[in-house]
Amino acid sequence: MAAASIMPPNARQPLPATARNPNAPASDSQRQRDATLPSLHSLFLRAVNPSRPSSWSAAVADLVSSGDPVAALAAFAAALRVNPAALRPALPPALRAAAAAASLAAGRQLHLLALRSGLFPSDAYSASALLHMYHHCSRPLDARRAFDEIPAPNPVIVTAMASGCVRNNFVYPALAIFRSMVASDCAGAVDEAAALVALSASARVPDRGITGGIHALVTKIGLDGNVGVANTMLDAYAKGGGSDLGAARKLFDMMERNVVSWNTMIALYAQNGLSAEALGLYSEMLNVGGGVRCNAVTLSAVLLACAHGGKIQTGKRIHNQVVRMGLEDNVYVGTAVVDMYSKCGKVEMAWKAFQKIKEKNILSWTAMIAGYGMHGYGQEALEVFSEMRMSGLKPNYITFISVLAACSHAGLLNEGRYWYDSMKNEFGIEPGVEHNGCMVDLLGRAGCLDEAYGLIKEMKVKPDAAMWGALLSACRIHKNVELAEISAKRLFELDATNSGYYVLLSNIYAEAGMWKDVERMRVLIKTRGIEKPPGYSSVELKGQTHLFYVGDKSHPQHKEIYAYLEKLLDRMREAGYVPNTSSVLHDLDEEEKESILRIHSEKFAIAFALMNSVEGSVIHIIKNLRICTDCHRAMKIITTLTGREIIVRDMQRFHHFKAGLCSCRDYW
DNA sequence: GTGAATAGCT
């Protein structure tokens, strides 16, 4: 939003329709507003009685709430010219306009006006609006300075100050203000608004016990029955110190609930990766929620759960609901749909949903770039990125992670190098650990191991486990034992309990025929008590998720699945499939078991899916670890033998198997 | 002065 100058008022252009620079490029929202301007203009002319100051202030306030703060500031300027008495009632909404436009310049002029006219610090309305303005212009220290000049701030002003502190991430000062309110002992100072601010601050601090303390206080003053307060408390329990989802749920079960309560609890589950709980609560909301209806917020949260859990069938159902409710163009919902389809393996559906979003923001574009990226469609990701820049949006830190990850998944070495340099030089964003991680991965897999190692050594940020892990993986591909040992040493320092690194190094030794070192690793794993998280795969069938572990016998159909798999393996061998022994060490700790039990979970999952799914339908498998070379080759052969299409989502990307080929072109 | 939602490296 452009900074608006309100002093001196332009005598020729006092009205909203002419307040904007006609040469400035119009955004979509701008154009939309322009279409409604003639009526707004006439309405404004009719509504304002120039001789009545309150009429002016109402007009200014209306323009702010209708989303046109620039026009509101122009109206304020016009008001002052016509009737100086309008200052007192119109100054607070004008300050809100400056806040909404994030125009510090306009805000400062209004501050000056408030001082000259004596409205600040004596007028409480102007004072709270002034604090609000500075906080919304990201000037918390200016707000603080103004706050300290107010001799006896009333509870509204104090709450406004605390709220602004939270907004600017000054969470502890906000809590201190709240404490002083409690201590000041003036009855009634802590009301609903103050409690909400305190709880939203509590949701952002790691200190345990703060939410519980506020809860006790809120109960004492009888605000615990307030649904709004209780809703915010859910968030505070789950996100603040202790991250106590259980406490949130306990409160949820006891309290009076409205749609925000349901949405909050569902979102908390979804954000914490508890997809089943989120989806379960969603159906509970629809069935026994006491008539609450889902809205855009509900659907965004539920879509996140689907994305996380890879629930494509449920996700499609929710998408239908989105269409029925006419929410496809909503930027929150639309972005969540894009993310859901991408993470459920349907990137072309993601693209269709993306095009339906009316006012795409940086998150929408980034979700689409990341979506193409995780499917290995690097060129498409870069095209979307270029389109985004042409639309006038500036890429941010996360956008560049997505761009570089897309390059790395597709092996686009030159493009990755180019954008890595460009983010610094052209966009002024200093590469963080994530960007460097992508580059190490990209360089390493392309075989530029020394360059990757050099990057780690010279970069400004401290390398993390992901980065050394990427280098270690690259060392396996390019069979570099020496650098693998360096990487592994760092990894063991950073995260000594992660079994994956031990197995990876062990495999590198095995492939180099260094059996003594393989044995050394085996002993090391035993003595350090490293436990390997079980590998599992899941398949969704008729909305139900079926889980398969390595050597799993718990599935009711396990005998049939095993028999089917044996026959399938026979056919695969006839077609030239030779089990790849280099992946055997993934199951280092399974060595004593029967060979059949060492069959990777995705093979059980694929057998189960082939047996039970509709002929010709695409099979979706989700795996918690990275797919191994052997399973990758097996999948390709299975698509040739059965004519089926298989989409595997592993820990880091998607593999689309079709007619004997994989979309990753064996680069992963 | 006040509550819920969307994007990211291994």
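Letters A, B, ... are given to chains in the order of the sequence lines, protein chains preceding strands, and every chain is numbered from 1.
Residues that satisfy the side-chain hydrogen bond (donor to acceptor under 3.5 Å, both in side chains) test with A/N154, not counting sequence neighbours, are absent from this structure. The side chain to side chain contact (heavy atoms under 4.5 Å, CB included) search around A/C137 returns A/L104, A/M133, A/R139, not counting sequence neighbours. A/S126 meets the side-chain hydrogen bond (donor to acceptor under 3.5 Å, both in side chains) test with A/D123; sequence neighbours excluded. Annotation: salt bridge (charged side-chain N to carboxylate O under 4.0 Å, His left out) contacts of A/R167 (sequence neighbours excluded): none. Not counting sequence neighbours, the partners of A/Y397 by the ring pair (Phe, Tyr, Trp, His ring centres under 6.0 Å) test are A/H435.
Among the atoms of the strands shown, none is found under 4.0 Å from any heavy atom of A/K360. In this structure, A/A465 reaches neither bases nor backbone, as no heavy-atom distance under 4.0 Å exists between it and the strands shown. Nucleic acid contact for A/V227: base, since at least one base atom lies under 4.0 Å from a heavy atom of the residue. At a threshold of 4.0 angstrom between heavy atoms, the contacts of A/A267 are confined to the sugar-phosphate backbone, with no base atom among them. At a threshold of 4.0 angstrom between heavy atoms, the contacts of A/Q652 are confined to the sugar-phosphate backbone, with no base atom among them. Within the 4.0 angstrom heavy-atom criterion, only backbone atoms of the sugar-phosphate kind lie near A/A160; the bases stay farther away. In this structure, A/H409 reaches the sugar-phosphate backbone alone: every heavy-atom distance under 4.0 Å involves primed, P, OP1 or OP2 atoms, never a base. Nucleic acid contact for A/A194: base, since at least one base atom lies under 4.0 Å from a heavy atom of the residue. At the heavy-atom level, A/S128 lies nowhere under 4.0 Å from the strands shown. Using a 4.0 Å heavy-atom criterion, one finds that A/R96 contacts the sugar-phosphate atoms exclusively. Using a 4.0 Å heavy-atom cutoff across all strands shown, A/T159 reaches at least one base atom of the nucleic acid. Residue contacts shown for A/L304 are limited to sugar-phosphate atoms, with no base heavy atom under 4.0 Å away. Note on A/T264: only backbone sugar-phosphate atoms sit closer than 4.0 angstrom, heavy atoms only; bases stay farther off. In this structure, A/N258 reaches the bases: a heavy-atom distance under 4.0 Å links it to at least one base atom across the strands shown.
Residues from residues 393-400 of chain A lying near DNA chain B, meaning a heavy-atom separation below 4.0 Å, are A/N396, A/Y397, A/I398 in numerical order.
Aromatic ring orientation, A/Y502 versus A/F492: parallel (interplanar angle below 30°, classes split at 30° and 60°).
Where DNA chain B meets chain A (any atom under 4.0 Å from a heavy atom), the bounding nucleotides read 5' to 3' are B/dG1 to B/dT10.
For residues 325-343 of chain A, every residue pair satisfying the salt bridge (Lys or Arg N to Asp or Glu O under 4.0 Å) rule, not counting sequence neighbours, is listed here: A/E328-A/K356, A/D329-A/K358, A/D339-A/K343. Sorted by first and then second residue, the pairs that involve residues 455-475 of chain A and meet salt bridge (Lys or Arg N to Asp or Glu O under 4.0 Å), not counting sequence neighbours, are A/E430-A/K460.
Within 6.0 Å of NZ on A/K424 lie more than 12 heavy atoms contributed by other residues, nucleotides or ligands.
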